[in-house]
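So the structure is just underneath, and the comments pick up after that.
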Amino acid sequence: MAARPRADFRIGTLGFTAWLHHLVRFIYPITPMTRLSGYFLPTEREPPADAEAVSHKLMVRAGLIRQVGAGLWSWLPAGWRVHQRAAQIIREELDAIGAHEMLMPVLNPAEPWRRTGRYPIDELFKLKDRRDADLVLALSHEEIVTGHIAQVVRSYRDLPLILYHIQTKERDEPRPRAGVLRTREFIMKDSYTFDRDREGLDVAYDKHVTAYDRIFDRTGLEWYRVEGDVGYMGGFGAHEYMAPCPAGENEIALAEGYAANMEVASADAQPVELPARVDAPEEVSTPGMTTVAQVASALEVPAGALLKAYPVVLPEGEMRMVMLRGDHRVNDIKLRLALASDFRPATAEEVAARIGPPGFIGPVGTDLPILLDAAVYDGVREGGYVTGANTPDAHLRGVEPGRDFAFERVDVRSVLAGDTVNGQAIRIEPAIEVGNIFKLGTRYSERLEATYLDEHGRSQLVWMGSYGIGPARIAAAAVEQFADEKGISWPRSLAPFDVEVVVLGREGSDERTFADRLYGELQDLGLSVLYDDRDAGPGEKFADAELLGCPLRVTVGKRSLASGEIEAQIRRGMVSTTVPVEDAAPAVARAWGELP
RNA sequence: CGGGGAGUGGCGCAGUCUGGUAGCGCACCCGGCUGGGGGCCGGGCGGUCGCAGGUUCAAAUCCUGUCUCCCCGACCA
């Protein structure tokens, strides 16, 4: 009785539905205990001494996560609520494209991993059971899910399928870092699509684009879908979902209408002024000058007027010489794609034996196949470049591609800020990868024999895609993107609680009575509420509320009751508004509904 | 894997160089005051100094080994 003395109040204020709702709760007290006085929310005044990233510091300080070991984290109740909210958004949008949730084990027999060739991966945790059988801890679930498909799917009529689960992943990361941004154990939503053919895969992939776009829109994050690295063997398309933030481990190139991972980004280079054309290359003495900076400065030309050589060796031992502008850098991933092969840089000995003195090598006079980066002019316009002369202490000036050496055109450089795409200058920002989608093709179905019989009774390989999202990274990225000097500022969709009610006043005071009631009313309106009913000073309560970052803070004190207006502070931007004491709850709910 | 740094009450740190009774702030507990921005007064609890071995009359401190954590880089199916 004393616990719930407000039923009659509600009939009048909230209407019959809410009253009924309350009655049900009165009988089945399912309301979660979110009175701060009895909640496990250990806030800290100071960040962990060794924390660097904003999300790491704030999530620990706010009482969301606690470290267990390197790359191993517990999610405390409020943090887990955030994680669950992210997971629920993912779940809803995947269900909406016809995906079906399931659950696969983390502990796997080694055998399917051996079959797919992934057993030797260093990141894969390996262990043995008591009978000395080899086991692994799954770092994703292609092997297991494809194994099920191989067993179950017989006919083209069984396809397509979209399956997913939200399950722990284990990865023996060489370097866990930055709180929950890169951990050894984490929860991932991974989905897998199974189709009859390549066209079917394209459809499944597009469905994931739709779902992912909606998911990341709903999280409230700033995000980009960028082109990702497909790998030169068997990838058919890949995108990554990137959330820009200072602690990000990736770099993305962004321009109006363009977004790509730096690993694969392509853009038009900024122009460089070349020395005037000459009839034939001429040798100049450059004693001891083996760096671009030295040569450029000695010859008084911009670094971009130099062509530097990057000799590489293919697995079969063949050599290639990559030429690019002196102010540009080779992007190994793009080069690997261009070569359609792994490669390694040639050693100084190999260079000396095959081409010329290291530091002075160039394209003129060599018989090596030359790959010329797209940013290098081809000689029909502009002037001549400076290159190594393939003799000690000398360079050539006035070198023109095409006239002075033959080449194959490639795009293998890392783009720079200020380069353009469709005339729009790009900028480069750090970002955290929060999701990825990947067209696998038949790599796994081949090795695990996932086949079906088509309309003509012929056996066909199943076409697969795999798609991941890390809810923990969504949470951390949101912290990174929206934090201010006071703490976290959650987007509405991810906040651990919609509203935090702060009461100022002793046990038994009018403020308490009012706040108790408001707490219940807000919950009855469908809001999740954290109620700071602790016997603490106002400063401490405000500081904690701002640290935790619920979108809306409602303060009930003597002052508010006397003035007839209650302060409602919007966390994002720390904007204060007021709601009338009369009908406070619906007014708070309306205010909440307008937040980001 | 390479480089750098750190392990001392719950948190943040001093003390280590130069061996000699383990300290500070916050937090916590008790009493009181205060009550719209981490407030005040008084009284308390709590640490075998990461672990193991060694040197020494004596080790947080010196020596050896080892474990753990963080940062930078490499790596990131």
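Note on naming: letters A, B, ... go to the chains in the order of the sequence lines (proteins, then strands), and numbering restarts at 1 for each one.
Salt-bridge annotation for A:Arg447 and A:Glu143: absent, with no side-chain N of the basic residue lying under 4.0 Å from a carboxylate O of the acidic one. A salt bridge is absent between A:Arg571 and A:Glu500: the closest approach of a Lys/Arg side-chain nitrogen to an acidic carboxylate oxygen does not fall below 4.0 angstrom. Using a 4.0 Å cut-off between charged nitrogen and carboxylate oxygen, A:Arg572 and A:Asp484 do not count as a salt-bridge pair.
Counting any heavy atom pair closer than 4.0 Å across all strands shown, A:Ala138 reaches no nucleic acid atom. Counting any heavy atom pair closer than 4.0 Å across all strands shown, A:Pro47 reaches sugar-phosphate atoms only and no base atom.
In this entry B:rC76 has no Watson-Crick or G-U wobble partner, no candidate having both defining distances under 3.5 Å. The partner of B:rU64, taking Watson-Crick or G-U wobble pairs whose two distances both stay under 3.5 Å, is B:rA52. Across all strands shown, B:rG10 pairs with B:rC26; the Watson-Crick or G-U wobble distances both stay below 3.5 Å. Nucleotide B:rG19 is matched to nothing when pairs are restricted to Watson-Crick or G-U wobble geometry with both distances under 3.5 angstrom.
Using modelled atom types, one side-chain atom of A:Arg171 and one backbone atom of A:Leu139 make a donor-acceptor pair closer than 3.5 Å.
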Extract from the structure each pairing of a protein N or O with an N or O of nucleotides 42-44 of chain B at less than 3.5 Å, listing the distance.
none

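Within a 6.0 Å sphere centred on CZ of A:Arg329, other residues, nucleotides and ligands contribute 12 heavy atoms or fewer.
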Each nucleotide of nucleotides 32-40 of chain B classed B (base within 4.0 Å of a protein heavy atom), S (only sugar-phosphate) or -, in 5' to 3' order, makes --BBBBB--

For a quick check, with a 4.0 angstrom heavy-atom cut-off, what is the B/S/- contact string for nucleotides 72-77 of chain B, read 5' to 3'? BBBBBB

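Between B:rU55 and B:rG12, the two P atoms lie 35 Å apart (nearest whole Å). Spacing between B:rC51 and B:rC67 at atom P, rounded to whole Å, works out to 15 Å. Straight-line distance between the P atoms of B:rG54 and B:rA60: roughly 15 Å, to the nearest whole Å. Straight-line distance between the P atoms of B:rC49 and B:rG23: roughly 14 Å, to the nearest whole Å. A gap of 41 Å separates the P atoms of B:rA52 and B:rC41, to the nearest Å. Between B:rU61 and B:rG15, the two C1' atoms lie 9 Å apart (nearest whole Å). Going from the P atom of B:rC57 to that of B:rU68 covers 35 Å, rounded to whole Å. On the P atoms, B:rG47 is 39 Å away from B:rG3, given to the nearest whole Å.
Applying the salt bridge (Lys or Arg N to Asp or Glu O under 4.0 Å) test to residues at least two apart or on different chains, the pairs with a partner in residues 56-73 of chain A are A:Glu44-A:Arg66. Applying the side chain to side chain donor-acceptor pair (under 3.5 Å) definition to pairs two or more places apart or across chains, those involving residues 534-548 of chain A are A:Thr43-A:Asp544, A:Asp532-A:Arg534, A:Arg534-A:Asp544, A:Glu546-A:Arg553. Sequence neighbours left out, not one pair with a member in residues 503-514 of chain A passes salt bridge (Lys or Arg N to Asp or Glu O under 4.0 Å).
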A:Tyr205 and A:His239: CA distance, side-chain angles, deciding distance, side-chain hydrogen bond (donor to acceptor under 3.5 Å, both in side chains) verdict: CA-CA 10 Å; A:Tyr205 191 83; A:His239 286 88; 2.7 Å; yes

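In this pair, A:Tyr310 and A:Phe343 present their aromatic rings perpendicular. The plane angle is above 60°, beyond the 30 to 60° band.
Screening A:Thr555, A:Val503, A:Leu504 for a side chain to side chain contact (heavy atoms under 4.5 Å, CB included) involving A:Pro538 leaves a single residue, A:Leu504.
Each of A:His56 and A:Ala49 lies near RNA chain B, and the nucleotide nearest A:Ala49 is the one positioned closer to the 5' end.
Here the two rings, on A:Tyr444 and A:Phe194, have centers that are 6.0 Å apart or farther.
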